[in-house]
Amino acid sequence: MSTFGYRRELSKYEDLDEDELLASLTAEELQELEKELADIDPDDNLPIGLRQRDQTAKTRTGTFSREALMKYWENETRKLLEEERIGSTSPRQVSDQQPQTLIILSEKHLQTFYEEEEEEEEEKEENCPKIAPTLDCTTHPQQCWSSNGQSNQRQAEPEPSRMSGNPTVVDEVLEKILTNDPDATEVNLNNTDNISQDTLIRFAEALCSNTHVHFFSLANTHADDQVAFAIAKVLRENSNITNLNIESNFITGKGILALVQALTRNSTLTEMRFHNQRHICGGQVEMEIVKLLRENTTLIKLGYQFDLPGPRISMTTILTRNQDLQRQKRMQELRHQQGGLNAVLLRCSLKI
């Protein structure tokens with residue numbers, strides 16, 4: 001509604017007799033009006049139409065004091081830190097330890113403090129090995145001794161180590177790669193527990209001369225930059241691997257750039273995935289990745305989420321270009337095969 005229209009609507013109330021209007025109200029309506037007027041604060045800058053009265057039915061227990069709340073949490077934090085310090089310090093350490101200044105957590109750190117405590121408790125429960133219960137001879141004496149008087153009580157047997165998340169037998173697969181087994185076309189080491197960095201490097205060294213493996217995947221194996229450098233050598237020397245997956249590892253931007261640099265001399269790899277590393281690549285590494293991959297024409301899938309919009313758009317353009325080049329190559333090969341077939345048919349028809 002325009003200002004002119006609003007004023008015109010108000011003009012019809014100018015001649016209204018307020019006394020006559022109040023006299024026409026019932027007792028209930030007058031009581032409701034008094035409640036509305038009692039809630040209006042004369043110092044309130046809000047328009048009357050936007051004001052609302054307090055509808056809380058609960059009786060107030062007291063005024064809110066931020067200072068009192070902060071003081072309470074500071075005292076509680078002191079108690080927690082003091083208990084943790086006393087509980088984790090031996091008697092000898094207490095005598096040699098110098099007085100320390102307690103750190104008072106601010107309001108914004110309190111939630112983080114409790115979340116970290118909960119995470120540490122969960123990690124302790126997960127990492128704590130489960131021990132088989134021992135036989136209590138005080139409550140079951142008849143079970144602790146055999147008929148010949150020898151003790152039957154056994155020591156607690158630890159639970160066997162957790163099985164790997166990947167059923168692959170690492171040594172057998174490595175032997176197949178070293179012997180260039182034609183049946184071994186895929187190496188899947190994803191989520192393999194307790195596999196050392198040296199073992200991963202041995203896989204990479206064996207793949208340098210292998211001619212049958214096309215898929216190499218080692219996601220979530222704690223691979224570091226040394227493993228990435230060994231795989232970069234594989235990409236430079238091996239012309240058979242088409243898919244590489246090294247996601248969820250500990251490779252830094254230096255190792256990622258070594259892998260991408262190797263693709264400038266590789267014309268067979270079509271898919272590479274290295275997202276979700278422990279270390280963030282950063283904007284400089286992302287721009288360098290795009291710069292290096294401009295020279296590659298065979299990579300059509302890249303498993304990495306760019307943080308910067310510029311490199312992300314540029315990388316999308318490069319992959320789209322490579323996909324179009326691969327499509328043109330397939331069409332050309334198809335036409336070549338069709339042309340050869342037509343030539344054979346033509347020769348056969350001439351002979352007939």
Side-chain angles (χ1 to χ4, degrees), residues 165-166 168 173 177 185-193 195 197 200-201 203-204 207-208 210 213-327 329-330:
N166 190 331
T168 300
V173 175
I177 297 175
T185 60
E186 179 178 355
V187 178
N188 181 6
L189 302 177
N190 294 345
N191 306 310
T192 303
D193 296 336
I195 185 169
Q197 305 301 297
L200 294 176
I201 293 176
F203 269 95
L207 285 173
C208 287
N210 187 278
V213 174
H214 301 292
F215 298 87
F216 186 32
S217 184
L218 59 159
N220 192 27
T221 55
H222 294 184
D224 56 12
D225 281 346
Q226 298 302 319
V227 178
F229 296 152
I231 297 177
K233 182 180 179 182
V234 175
L235 296 179
R236 289 192 296 268
E237 299 181 4
N238 188 298
S239 59
N240 297 282
I241 295 180
T242 59
N243 293 69
L244 173 64
N245 182 6
I246 54 172
E247 288 183 336
S248 304
N249 281 302
F250 295 82
I251 302 175
T252 66
K254 187 176 181 180
I256 296 298
L257 288 180
L259 293 169
V260 176
Q261 177 70 42
L263 292 184
T264 59
R265 300 169 54 182
N266 183 292
S267 59
T268 55
L269 193 73
T270 60
E271 180 177 353
M272 181 168 68
R273 308 176 67 87
F274 56 85
H275 187 56
N276 193 32
Q277 300 298 323
R278 181 70 176 270
H279 305 277
I280 299 175
C281 289
Q284 188 66 32
V285 174
E286 290 185 354
M287 291 186 289
E288 189 66 22
I289 290 174
V290 173
K291 181 180 178 181
L292 292 172
L293 289 181
R294 291 185 190 278
E295 304 177 16
N296 182 281
T297 59
T298 56
L299 188 69
I300 58 178
K301 292 183 180 179
L302 183 66
Y304 175 71
Q305 180 64 41
F306 288 85
D307 293 329
L308 298 182
R312 186 189 311 124
I313 296 173
S314 299
M315 195 68 244
T316 302
T317 303
I318 293 174
L319 295 178
T320 303
R321 177 204 65 187
N322 292 353
Q323 292 173 2
D324 188 57
L325 291 175
Q326 294 298 319
R327 182 185 61 81
K329 182 179 179 180
R330 290 194 300 269

**OP:** Give a yes or no answer on whether the side chain of Gln197 reaches the backbone of Gln226 with a donor-acceptor pair at less than 3.5 Å.
**Re:** no
Original post:
What are the two closest non-hydrogen atoms of Ala262 and Ala232, and how far apart are they?
Top reply: CB-O, 3.4 Å
Original post:
So how far is it from Arg236 CZ to Asn266 CG, rounded to the nearest 0.5 Å?
Top reply: 10.5 Å
**OP:** For the residue pair Ile251 and Asp224, establish whether any side-chain heavy-atom pair is separated by less than 4.5 Å.
**Re:** no
Subject >> Gap between atom CD of Glu295 and atom OG1 of Thr297 - 0.5 Å precision >> reply: 10.5 Å
Subject >> 4.5 Å side-chain heavy-atom contact, Asp225 and Phe250 >> reply: no
Subject >> Exam field: side chain Arg312 to backbone Asp307, donor-acceptor pair closer than 3.5 Å >> reply: yes
Original post:
So does Gln323 have more than 12 non-hydrogen atoms from other groups sitting under 6.0 Å from CD?
Top reply: yes
Original post:
Which heavy-atom pair separates Ala230 from Ile201 by the least distance, and what is that distance?
Top reply: CB-CG2, 4.2 Å
Subject >> Residues Asn220 and Asn191: side-chain donor-acceptor under 3.5 angstrom >> reply: yes
Original post:
When the ring planes of Tyr304 and His275 are compared, do they come out parallel, tilted or perpendicular, using 30° and 60° as the limits?
Top reply: perpendicular
**OP:** State, yes or no, whether a side-chain contact exists between Ser217 and Arg273 at a heavy-atom distance under 4.5 Å.
**Re:** no
Original post:
What's the verdict on side-chain contact (heavy atoms from CB on, under 4.5 Å) for Gln326 and Thr298, showing C-alpha distance, side-chain angles and the deciding distance?
Top reply: CA-CA 7 Å; Gln326 294 298 319; Thr298 56; 3.9 Å; yes
Subject >> Criterion side-chain contact (heavy atoms from CB on, under 4.5 Å) against Val187, the qualifying member of Leu218, Thr168, Asn210, Ile177 >> reply: Ile177
**OP:** Can you see which heavy atom on Val290 is nearest to which on Pro311, and at what distance?
**Re:** CG2-O, 3.5 Å
Subject >> Close side-chain approach of Glu271 and Asn245, heavy atoms under 4.5 Å >> reply: no
Original post:
For Ile300 and Leu319, what are the C-alpha separation, side-chain angles and deciding distance, and is it a side-chain contact (heavy atoms from CB on, under 4.5 Å)?
Top reply: CA-CA 5 Å; Ile300 58 178; Leu319 295 178; 5.6 Å; no
**OP:** To the nearest 0.5 Å, tell me how far Glu288 CD sits from Ile256 CD1.
**Re:** 13.5 Å
Original post:
Could you state the interatomic distance from OG1 (Thr221) to CG (Leu200), rounded to the nearest 0.5 Å?
Top reply: 4.5 Å
Subject >> Donor-acceptor pair, side chain of Thr264 and main chain of Val260, under 3.5 angstrom >> reply: no
**OP:** Please step through side-chain contact (heavy atoms from CB on, under 4.5 Å) for the pair Val234 and Phe216, ending with a clear verdict.
**Re:** CA-CA 11 Å; Val234 175; Phe216 186 32; 5.9 Å; no
Original post:
How long is the span from the CE atom in Met272 to the CD atom in Glu247, to the nearest 0.5 Å?
Top reply: 11.0 Å
Original post:
Can you check whether Ile246 reaches Leu259 side chain to side chain, under 4.5 Å on heavy atoms?
Top reply: yes
**OP:** Please test Ile289 against Leu257 for side-chain contact (heavy atoms from CB on, under 4.5 Å), starting from the C-alpha separation and ending with a verdict.
**Re:** CA-CA 7 Å; Ile289 290 174; Leu257 288 180; 3.9 Å; yes
Subject >> CG on Leu263 to CD on Gln261, rounded to 0.5 Å >> reply: 9.0 Å
**OP:** In plain terms, say whether Asp324 and Arg327 are close enough for a salt bridge, that is, a side-chain N and a carboxylate O under 4.0 Å apart.
**Re:** yes
**OP:** State whether the number of non-hydrogen atoms from other residues, nucleotides or ligands found under 6.0 Å of Arg321 atom CZ is greater than 12.
**Re:** yes
Original post:
How about Cys208 and Asn238: do any of their side-chain heavy atoms sit closer than 4.5 Å?
Top reply: no
Original post:
Heavy atoms, side chains only, cut-off 4.5 Å: are Thr270 and Lys301 in contact?
Top reply: no
Original post:
Do Glu186 and Asn243 come close enough that some side-chain heavy atom pair is under 4.5 Å?
Top reply: no
